[in-house]
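Read through the structure below, which is laid out as structure tokens, and then see the notes.
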Amino acid sequence: MARPLANQAALRPDCAQCFALCCTAFGFTRSADFAIDKPPATPCPNLAADFSCTIHDRLRPRGFAGCTVFDCFGAGQAVSQRLFHGTSWRDNPGSAPDMFAAFRVLRQLHEMLWHLAQAEAVAYSPDAADEVRHLQAKVREVAEGDLGTVLTADVGSLHLQVGEALRWVSEEVRAGYLADGPQRNDLAPGADLAGANLRGSVLCGADLRGACLIAADLRGADLTAVDLLGADLRDARLDDADLGQALFLTQAQIAAARGSLSTRLPAGLKRPDHWIPSPPPPAAALPVPPSQRKRLDSPEC
């Protein structure tokens, strides 16, 4: 796997430096991903006094698969240590509303920076690269600002601008594959491909931004230059799939899917602990020695 992009290094979670903001700020509903209902701005009942998870090594069997796929893009430690100077919401309960609100905003800003880092690395034209760098500076200025700057950020406007820039870069990169790329009519942004059999398909250059690929069979598929921004990959089969040059993929998407050691991932993403190893190839049949072969006229035959 290629080395991760340098400007994505700070966009990785460091749970030891965070006040469990993912376990408090957001709420969740009882479902296949969460065993219980939890309202937002309340601590999870599995949260320990030191902000660790008491069932961290048993989250999936205990019904909390959703926790294992969450990625804050490093917003948790930035809020906890930089914006609130290492003082937790437990030590200062009055800070909780602003801390949780800042976390929700900063996570979105950090996700934008994650995607812009890849866009900068793969952009073809100087104009597209310049636009990406301009937006990186713009988003970073807000993300690195003080608490007031973060809380008053116009996230919606930034989302639109970043989305257009990513689309520009995506079109440039995918253009080199479209002539010989997939001809299927169902490969389109927002497509409903839940449970689709795409095993072994060459999908190079397809635009699957926002597509539903829940439980899709992508084993052995080539997803080079496929735009997967916001695609739902829950339970998608990725064994032997090549996502090494896929566009705008996140750790959360990978963690929600099902893969193995044979899955090729983009730079900066790692195989989740719950992924299974690749099955060993079948052993070649060994010739039977003549002394052990049964004669056709043997009574045992």
Side-chain angles (χ1 to χ4, degrees), residues 1-5 8 69 71 114-125 128 132 163 166-282:
M1 189 172 65
R3 293 178 61 189
L5 300 175
Q8 287 181 336
V69 305
D71 186 354
W114 176 275
H115 290 311
L116 287 169
Q118 185 186 19
E120 182 187 18
V122 301
Y124 280 175
S125 71
V132 167
L166 298 182
R167 191 184 308 278
W168 185 358
V169 172
S170 172
E171 290 174 352
E172 284 190 342
V173 174
R174 292 185 298 104
Y177 296 86
L178 293 180
D180 300 318
Q183 303 299 316
R184 296 174 52 137
N185 294 327
D186 56 349
L187 299 179
D192 184 358
L193 295 166
N197 182 9
L198 299 168
R199 186 171 186 174
S201 298
V202 178
L203 306 177
C204 304
D207 188 354
L208 293 178
R209 177 181 291 214
C212 176
L213 289 159
I214 296 175
D217 189 348
L218 291 162
R219 287 176 291 178
D222 187 348
L223 290 98
T224 299
V226 174
D227 189 335
L228 291 170
L229 182 68
D232 193 338
L233 292 171
R234 283 177 293 171
D235 290 325
R237 294 293 303 276
L238 300 179
D239 309 75
D240 300 311
D242 185 355
L243 294 96
Q245 301 299 321
L247 299 175
F248 310 131
L249 197 60
T250 66
Q251 189 66 50
Q253 288 171 294
I254 289 298
R258 300 164 59 193
S260 64
L261 294 176
S262 62
T263 306
R264 185 178 177 188
L265 297 177
L269 300 184
K270 64 178 183 178
R271 288 172 180 77
D273 293 337
H274 59 270
W275 276 18
I276 60 172
S278 301

Checklist line | From CA spacing to verdict: side chain to side chain contact (heavy atoms under 4.5 Å, CB included), Thr224, Val202 | finding: CA-CA 8 Å; Thr224 299; Val202 178; over 6 Å; no
Item checked: From Leu166 atom CG to Leu247 atom CG, the distance as rounded to the nearest 0.5 Å -> 9.5 Å
Notebook entry, point to check: Roughly how far, to the nearest 0.5 Å, is the OG atom of Ser201 from the CG atom of Leu223?
Noted result: 9.0 Å
Notebook entry, point to check: Hey, are the side chains of Leu233 and Leu249 touching, using non-hydrogen atoms and a 4.5 Å cut-off?
Noted result: yes
Check: So how far is it from Asp242 CG to Arg264 CZ, rounded to the nearest 0.5 Å?
Finding: 4.5 Å
Check: When you measure from the side chain of Arg271 to the backbone N and O of Thr263, does any donor-acceptor pair fall under 3.5 Å?
Finding: yes
Margin query: Test side-chain hydrogen bond (donor to acceptor under 3.5 Å, both in side chains) on Asp239 and Ser262; report intermediate values, then the result.
Written below: CA-CA 6 Å; Asp239 309 75; Ser262 62; 5.2 Å; no
Next item on the list: With sequence neighbours left out, write down each residue that passes side-chain hydrogen bond (donor to acceptor under 3.5 Å, both in side chains) with Arg258, or none if nothing qualifies.
Entry: none
Margin query: Arg234: which residues meet the side chain to side chain contact (heavy atoms under 4.5 Å, CB included) condition with it, sequence neighbours left out?
Written below: Asp33, Ile214, Asp232, Ala256
Check: How many angstroms lie between atom OG1 of Thr250 and atom NE2 of His115, to the nearest 0.5 angstrom?
Finding: 6.0 Å
Next item on the list: Go through the structure and list residues passing salt bridge (charged side-chain N to carboxylate O under 4.0 Å, His left out) with Asp222, not counting sequence neighbours.
Entry: none
Check: Listed by chain and number, what are the salt bridge (charged side-chain N to carboxylate O under 4.0 Å, His left out) partners of Arg167, not counting sequence neighbours?
Finding: Glu164
Item checked: Test item: Ser170 side-chain N/O and Asp227 main-chain N/O as donor-acceptor pair under 3.5 Å -> no
Next item on the list: Mind listing the closest non-hydrogen atom pair of Ala257 and Trp275 along with its distance?
Entry: O-NE1, 3.1 Å
Next item on the list: Give, for atom CG of Leu218 and atom CG of Asn197, the distance between the pair rounded to the nearest 0.5 Å.
Entry: 9.5 Å
Notebook entry, point to check: Do any pairs count as a salt bridge (charged side-chain N to carboxylate O under 4.0 Å, His left out) and have a residue in residues 194-207, sequence neighbours left out, and if so which ones?
Noted result: Arg174-Asp207
Check: Closest heavy-atom contact between Tyr177 and Gly205?
Finding: CB-CA, 3.8 Å
Next item on the list: Taking all heavy atoms of Gly268 and all of Trp114, pick out the closest pair and write down the distance.
Entry: O-CH2, 4.0 Å
Note to self: Holding to side chain to side chain contact (heavy atoms under 4.5 Å, CB included), I want the full list of residues that pass it with Asp71, two or more places apart in sequence or in another chain.
What the structure shows: Pro13, Phe73, Gln251, Ala252
Item checked: For the student: nearest non-hydrogen atoms of Ser260 and Asp240, plus distance -> OG-N, 4.5 Å
Notebook entry, point to check: To the nearest 0.5 Å, how far apart are CG in Leu243 and CG in Leu269?
Noted result: 9.0 Å
Checklist line | Pairing residues for Ala128 by the side chain to side chain contact (heavy atoms under 4.5 Å, CB included) criterion, not counting sequence neighbours | finding: Ala123, Ser125, Trp168, Val169, Glu172
